[in-house]
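First the structure, in the form of structure tokens, and then the observations on it.
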Amino acid sequence: MTLHELTEQLLVKTVTKPHNPTVTSLVMDSREVTEGSLFFCVKGYRVDGHDFAKEAEQHGAVAIVAERMVDVDIPVVLVRDVKRAMAILSAYFYHHPSEKLRVIGITGTNGKTTTSHLIESILQQNNKKTGLIGTLYTKIGSDRFETKNTTPESILLQQTFAEMIKKEIEYCIMEVSSHALDLGRVRGVSFDTAVFTNLSKDHLDYHETMEAYTQAKGLLFAQLGNTYDERKMVILNGDDPTSSYFEKMSAHQILTYGIERGNDIEARQLEMTPFGSNFQLVTPWGEKQVHYPLAGKFNVYNALAAASVGLVEGVSLTNIVSALEQAESVDGRFQPVDVGQSFAVIVDYAHTPDSLENVLSTIQMMTEGNIYTVVGCGGDRDKTKRPEMASIATKYSNYAIFTSDNPRTEDPEKILQDMVTGVRGETNYTVLVNRKEAIKEAIGKARRGDVVLIAGKGHETYQIIGHQTFPFDDRVEAEKAIKALKKMEKDD
Ligand SMILES: CC(=O)N[C@H]1[C@@H](OP(=O)(O)OP(=O)(O)OC[C@H]2O[C@@H](n3ccc(=O)[nH]c3=O)[C@H](O)[C@@H]2O)O[C@H](CO)[C@@H](O)[C@@H]1O[C@H](C)C(=O)N[C@@H](C)C(=O)N[C@H](CCC(=O)O)C(=O)O
Ligand SMILES: Nc1ncnc2c1ncn2[C@@H]1O[C@H](COP(=O)(O)OP(=O)(O)OP(=O)(O)O)[C@@H](O)[C@H]1O
Ligand SMILES: N[C@H](CCC[C@H](N)C(=O)O)C(=O)O
Ligand SMILES: [Mg+2]
């Protein structure tokens with residue numbers, strides 16, 4: 001594709017030189033530039049991509065897209081907003097692949113990864129070819145690719161859609177983070193269905209206020225468009241008050257789901273069991289009893305959101321129920337670590353006050369024994385959730401151990417001090433900065449019938465301390481600690 005063909009997509013721009021080179025790739029990182037690349041200068045949090053224009057030229061870039069002049073001898077396309085131009089040009093470069101897929105976007109504070117996997121299994125139950133983009137990986141059919149962000153930057157996103165088309169994928173199920181919406185990573189994506197899970201406190205380091213955070217989430221519904229299209233659908237959690245705000249954001253049909261009465265899709269006669277739930281799935285397409293194997297009321301919401309998507313996509317109630325009844329827990333979400341010990345150990349990705357409270361109240365229902373919680377809060381992330389998470393941990397556990405999550409560039413001790421400010425008079429906790437030691441301590445305390453919850457890192461296989469990433473896996477550490485304990489018991 002030539003540079004002129006691409007720049008014709010942008011109405012307002014200045015191109016500094018008349019040549020019309022052939023563009024063979026779009027790139028936003030100078031280190032990934034190859035011969036023929038069009039390089040986008042993106043202002044980041046740490047550095048400014050404009051400072052890498054020369055390096056991009058040296059590596060073979062044939063033109064630069066920038067917001068201000070840069071010192072290079074190749075054409076510079078000056079635009080008002082590089083990220084916006086990047087999204088528009090990426091969609092064009094890859095021939096608008098999202099228009100050839102049915103794209104299901106899921107947003108909300110918690111439950112996106114879980115819900116997207118449930119939707120995947122419902123659609124697969126109906127023999128649909130699916131792709132998935134989210135926190136754990138990008139999946140095309142059954143091939144998995146590692147990802148850095150929950151929702152990738154526009155170039156990678158459009159490239160991924162194009163790859164999905166090549167592999168004859170029909171549906172792309174994607175998690176859409178508030179950062180991605182705010183930073184314009186999904187601009188130009190043609191969504192067909194937009195799903196909202198729930199809204200609670202998170203990411204206030206980035207969005208600053210709950211209002212701004214809500215607005216960012218609202219962009220997904222706004223992006224669905226305001227010209228009515230019967231094939232487009234908005235699916236909202238009717239039990240979450242924020243849904244009424246999203247209702248106003250687009251012109252399409254709305255389907256609500258919930259446990260309370262008054263929703264289109266409902267779970268009635270809900271009966272929670274220690275390891276799942278039973279409920280009557282009541283829908284405009286009929287009703288059916290469900291024996292659902294994922295623990296916690298919050299997971300019933302995820303099932304309802306996924307069932308709603310299945311129903312609007314024409315999957316039969318029978319197939320939906322069958323997929324839900326076979327649901328497997330997602331990597332690092334309420335994942336048991338079981339090496340034959342007499343107490344339960346659960347690793348869960350709860351890293352917000354709301355998810356921690358949900359998980360702990362579910363555990364309370366499961367056990368009469370003691371609950372030991374190992375929990376921390378990420379550095380360089382929302383500080384307001386720290387005291388709240390500590391307070392929830394002490395409230396619902398017999399004993400809590402506050403430890404490091406990913407401290408990143410913050411002082412780990414300082415993060416723990418922030419957490420401790422949330423404890424109001426309770427003494428059932430300790431602070432242990434080393435996560436490995438904290439896990440050992442909790443497992444050492446547990447006796448027959450107790451539950452140890454290790455919260456916050458779920459599927460993560462690393463720990464970020466400073467600018468370094470070290471291998472670390474809660475499940476591996478828990479297993480080691482249990483085995484060491486068993487060995488000691490044998491030695492006694
Ligand atoms: C805060 C944030 O969103 N940061 C994202 C951002 O990084 P950054 O702003 O630090 O970028 P930077 O290092 O300053 O670089 C600026 C530009 O210069 C370029 N550069 C840089 C160095 C160089 O030598 N040459 C060069 O060209 C970079 O490629 C980039 O284009 O751009 C990167 C490239 O796309 C992202 O991977 C990175 O996400 C980081 C990993 C991150 O942690 N993001 C989080 C906050 C996030 O987005 N999370 C949401 C999920 C949240 C949730 O659901 O809970 C997500 O969607 O992942
Ligand atoms: N519907 C829900 N409501 C509240 N909490 C939930 C819900 N579903 C899952 N959780 C809790 O939140 C944690 C994260 O779940 P999940 O990974 O599905 O969410 P996510 O929205 O993808 O998170 P992230 O934004 O970090 O990618 C789970 O480990 C569980 O503790
Ligand atoms: N997507 C979330 C993940 C948080 C996970 C937690 N382990 C942490 O590092 O804070 C974020 O980037 O804020
Ligand atoms: Mg996720």
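Counting starts at 1 for both ligands and their atoms, in listed order.
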Next on the checklist: How far is atom 6 (C) of ligand 1 from the closest protein heavy atom, and which atom is that?
Outcome noted: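 Result: E153 OE2, 4.6 Å.
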
Item to check | Nearest-contact summary for atom 10 (O) of ligand 1 - protein heavy atom, Å | outcome: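 Its nearest protein heavy-atom neighbour is R46 NE, 3.2 Å.
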
Between [X] and [Y], is the gap from one ring center to the other below 6.0 Å?
X: F472; Y: Y462; result: no
X: Y349; Y: H351; result: yes
X: H117; Y: Y137; result: yes

Item to check | E67/K43 under salt bridge (charged side-chain N to carboxylate O under 4.0 Å, His left out): CA gap, chis, key distance, verdict | outcome: CA-CA 9 Å; E67 284 166 21; K43 267 190 226 138; 3.4 Å; yes

From [atom], work out which of [options] has a heavy atom at the shortest distance.
atom: atom 44 (N) of ligand 1; options: T113, V27, L181, N149; result: N149
atom: atom 5 (C) of ligand 1; options: K112, R185, M28, R31; result: R185
atom: atom 20 (N) of ligand 1; options: Y45, Y349, F52, F39; result: F52

Item to check | Carboxylate-amine/guanidinium contact R102 D192, below 4.0 Å | outcome: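 The answer is yes: the pair qualifies as a salt bridge.
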
Checklist entry - So does E388 pair up with K385, basic N to acidic O under 4.0 Å? => result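 Looking at E388 and K385, the cut-off is not met.
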
Considering both backbone and side-chain atoms of [X], is one of its nitrogen or oxygen atoms within less than 3.5 Å of a nitrogen or oxygen in ligand 1?
X: A180; value: no
X: K43; value: no
X: D48; value: no
X: H351; value: no

In the structure I gave you, are the side-chain heavy atoms of [X] and [Y] within less than 4.5 Å of one another anywhere?
X: R185; Y: P152; result: no
X: L236; Y: T242; result: no
X: I74; Y: V62; result: no

Checklist entry - How is the N/O/S atom of E175 that comes nearest to the Mg ion (ligand 4) named? => result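 The atom in question is OE1.
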
Item to check | Sequence neighbours excluded, every pair satisfying ring-ring contact (aromatic ring centres under 6.0 Å, His included) that has a member inside residues 386-410 | outcome: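 Only F402-Y429 qualify under ring-ring contact (aromatic ring centres under 6.0 Å, His included).
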
Next on the checklist: Please classify the H179 to ligand 1 contact at 4.0 Å (heavy-atom distances, strictly less than): side chain, backbone, both or neither.
Outcome noted: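 Under 4.0 Å from ligand 1, H179 contributes side-chain atoms alone.
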
Next on the checklist: Taking 4.0 Å as the limit for heavy-atom contacts, which would you say applies to R381 with ligand 1: side chain only, backbone only, both, or neither?
Outcome noted: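 Contact part for R381 vs ligand 1: side chain (C-beta onward).
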
Item to check | Metal site angle (apex the Mg ion (ligand 4)), OG1 from T113 and OG1 from T135, 10 degrees | outcome: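 An angle of 100° at the metal.
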
Checklist entry - What heavy-atom pair brings M86 and F40 nearest, and what distance separates the two atoms? => result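 Closest pair (atom of M86, atom of F40, distance): CA-CE2, 3.5 Å.
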
Item to check | Closest non-hydrogen atom pair between L101 and C172, with its separation | outcome: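 Heavy atoms only, the tightest pair is CD1-CB, 4.1 Å.
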
Checklist entry - What does the list of residues with a heavy atom under 4.0 Å from ligand 2 look like, ordered by chain and number? => result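 Within 4.0 Å of ligand 2, the protein residues are T109, N110, G111, K112, T113, T114, T135, E175, N198, F298, N302, R333, D348, Y349, A350, H351, D354, S355, N358, V359.
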
Checklist entry - Taking the non-hydrogen atoms of E175, is any one of them nearer than 4.0 angstrom to ligand 1? => result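 Contact check E175 vs ligand 1: negative.
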
Next on the checklist: If I take atom CD from residue Q124 and atom CD1 from residue I173, how far apart are they, to the nearest 0.5 angstrom?
Outcome noted: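 Result: 7.5 Å between the selected atoms.
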
